[in-house]
Amino acid sequence: MTIDNQPATRRGGSHMDLGHLDQFGLGETALGEFALVRLLDENGVRHEDERFDAWVSDIGPDQLLDLYEDMRVIRRIDSEATALQRQGELGLWPPLLGQEAAQIGSGRALRSDDFVFSSYREHGVAYCRGAGLVDLLRVWRGTTQSGWNPYDINMATPQVIIGAQTLHATGYALGIQADGTDAVAVAYFGDGATSEGDVNEALIFAATYAAPVIFFCQNNQYAISEPVSLQAQRPIADRAPGFGVPSVRVDGNDVLAVLAVTRAALDRARSGGGPTFIEAVTYRMGPHTTADDPGRYRDAAEVEQWRGKDPLTRVEAYLDAQGALSEERKARIAGKADAVAAEMRAGITSLVDPDPLSVFDNVYAEPHTGIARQRDHYSRYLRTFVGSDGR
Ligand SMILES: Cc1ncc(C[n+]2csc(CCOP(=O)(O)OP(=O)(O)O)c2C)c(N)n1
Ligand SMILES: [Mg+2]
């Protein structure tokens, strides 16, 4: 990926007045499709946008091809992991299918010194941060409690407690502010998470202290089986301005638009402008996790409708029209996706099971009598099974 992630101000490009973000999501214009920021529509037609074009002026066909390749690769990572779960190699997997543009567009906008706090579905963002292929999987095989050292890739261990990571991100952003650097904390969460107290508390703190944090909400239309219409009578992006956090609603299946709005929000945070809330409107094409059957709560017709908005197809259509997607490049991307899948499979099946008692190792940094008691109890329990270590 060759995109220069310096903000436009440092690239010598135009500095946009981000006060305009305050307007998005407010008033009647927030309702309906037309309020979405969209640069590349579902047919692959590029639309001009005077507010956001400048943020992607460096993205020509070559750079778009790189983004496309990333999306193809993470789609393959996702389908391979889903297959590994079905074959009994992983305990569970939360698929990202359909959300590739939201994750690559935002993930590729970040600098390495920014810090990501994600939920469990952001495998594409973790890929952008530099997580190893097997590192993406090992938690889901149950062989570790964190796939990576957060400080190696500046991304926290994915959070399963819905919405909690928005508080972590806001706290980290206050730390950035105290340090006086221009890094940014980014919290990824879902539409369902916006109903959690944690997210609302994080928004209040972020607004109060003008913290350099981005709230990146992937509205994939569902919180497990609950449709977003059940918990949001207005677009989710409309909530943030009430807290004093400007918001923007973007077509989450448009990688170019997501890149543009994320860059704008990053620049705003880096230059002391405080938090931004981004609602990326997308769709979870697969199940909530491999333990879910979405056929029980949504119509096939709805899924078909969203299939027409596929984030990869529109980029293909655009690149094809530009004559930029050669057969040779297509083959190279397919080859990379195959290699990635093979590396995942070989890596995950060769992982060694950990000592069951290691589950207690990192609960506290210091010795803790309560944990020591539980460890001792579990150790005695394990000895009741075959073999002295319970294996
Ligand atoms: C505090 C908390 N409550 C409930 C759950 C159970 N739970 C797991 S995922 C989920 C839905 C989250 O939906 P959303 O925020 O839209 O994210 P998505 O899974 O769609 O990416 C719920 C309720 C949880 N993990 N944590
Ligand atoms: Mg959701």
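Keep in mind the model is a prediction, meaning the values are calculated, not measured. What's counted below: heavy atoms across the whole structure, side chains too, no hydrogens, waters or symmetry copies. Read the numbers this way: they start at 1 and go in the same order the structure lists the ligands and their atoms.
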Open item on the list: Can you name the atoms of ligand 1, numbered from 1 with element, that are less than 4.0 Å from a heavy atom of Gly192?
Closed with: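 What qualifies from ligand 1 is 14 (P), 15 (O), 16 (O).
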
Open item on the list: Out of all atoms in ligand 1, which are within 4.0 Å of some heavy atom of Asn220? Include the element for each.
Closed with: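 So the answer, numbered in order with elements, is 18 (P), 20 (O), 21 (O).
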
Which residue holds the protein heavy atom closest to [atom], what is that atom called, and what is the gap in Å?
| atom | answer |
| --- | --- |
| atom 21 (O) of ligand 1 | Arg121 NE, 2.9 Å |
| atom 3 (N) of ligand 1 | Glu196 OE2, 3.8 Å |
| atom 25 (N) of ligand 1 | Val160 O, 2.9 Å |
| atom 15 (O) of ligand 1 | Ala193 N, 2.9 Å |
| atom 9 (S) of ligand 1 | Tyr120 OH, 3.2 Å |

Open item on the list: Tell me whether the Mg ion (ligand 2) has Asn220 as a neighbour, meaning an N, O or S atom of it below 2.8 Å.
Closed with: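 Checking the Mg ion (ligand 2) against Asn220, an N, O or S atom does fall under 2.8 Å.
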
Open item on the list: Using a distance threshold of 2.8 Å, state whether an N, O or S atom of Gln221 lies below it from the Mg ion (ligand 2).
Closed with: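 Of the N, O and S atoms in Gln221, none lies under 2.8 Å from the Mg ion (ligand 2), which means no.
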
Taking atom types as modelled, is there a side-chain donor on [X] or [Y] under 3.5 Å from an acceptor on the other?
| X | Y | value |
| --- | --- | --- |
| His123 | Asp78 | no |
| Arg345 | Gln87 | yes |
| Arg72 | Tyr68 | yes |
| Gln145 | Asn362 | no |
| Ser379 | Arg383 | yes |

Between [X] and [Y] (salt bridge meaning N to carboxylate O under 4.0 Å), is one present in this structure?
| X | Y | value |
| --- | --- | --- |
| Asp376 | Arg380 | yes |
| Lys309 | Glu42 | no |
| Asp338 | Arg76 | yes |
| Arg329 | Asp62 | no |

TODO: Just let me know how Asp191 lines up against ligand 1, side chain, backbone, both or neither, with a heavy-atom cut-off below 4.0 Å.
DONE: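 Both of them.
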
Open item on the list: Under 4.0 Å, heavy-atom basis, I'd like to know which part of His288 is in contact with ligand 1: side chain, backbone, both or neither.
Closed with: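 Only the side chain of His288 comes within reach of ligand 1.
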
Task: Rounded distance (nearest 0.5 Å) linking atom CD1 of Ile278 with atom CG of Leu266 - done: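 With rounding to 0.5 Å, CD1 (Ile278) is 7.5 Å from CG (Leu266).
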
Task: Qualifying residue for side chain to side chain contact (heavy atoms under 4.5 Å, CB included) with Arg284, from Ile224, Val303, Asp292 - done: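 For Arg284, the side chain to side chain contact (heavy atoms under 4.5 Å, CB included) check succeeds only for Asp292.
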
Open item on the list: Given Val228, Leu96, Asp198, Ile162, identify the one with the heavy atom nearest to atom 5 (C) of ligand 1.
Closed with: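 When every heavy atom of Val228, Leu96, Asp198, Ile162 is considered, Ile162 comes closest to atom 5 (C) of ligand 1.
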
Task: Polar proximity ligand 1 side, Ile161 side, N/O cut 3.5 Å exclusive - done: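 In this structure, Ile161 places no N or O atom under 3.5 Å from an N or O of ligand 1.
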
TODO: Compute the shortest N/O to N/O distance between Ile224 and ligand 1 and return yes if it is under 3.5 Å, no if not.
DONE: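 So ligand 1 has no N or O lying under 3.5 Å from an N or O of Ile224.
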
Open item on the list: So is Phe189 touching ligand 1 or not, going by heavy atoms under 4.0 Å?
Closed with: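 No, that is not the case, since the closest heavy atom of the residue is not under 4.0 Å from the ligand.
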
Open item on the list: Just to check, does Arg284 reach to within less than 4.0 Å of ligand 1 when the distance is taken from its heavy atoms?
Closed with: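 No, that is not the case, since the closest heavy atom of the residue is not under 4.0 Å from the ligand.
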
Task: Atom name of the N, O or S atom in Asp191 that lies nearest to the Mg ion (ligand 2) - done: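 Going by distance to the Mg ion (ligand 2), the closest N, O or S atom in Asp191 is OD1.
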
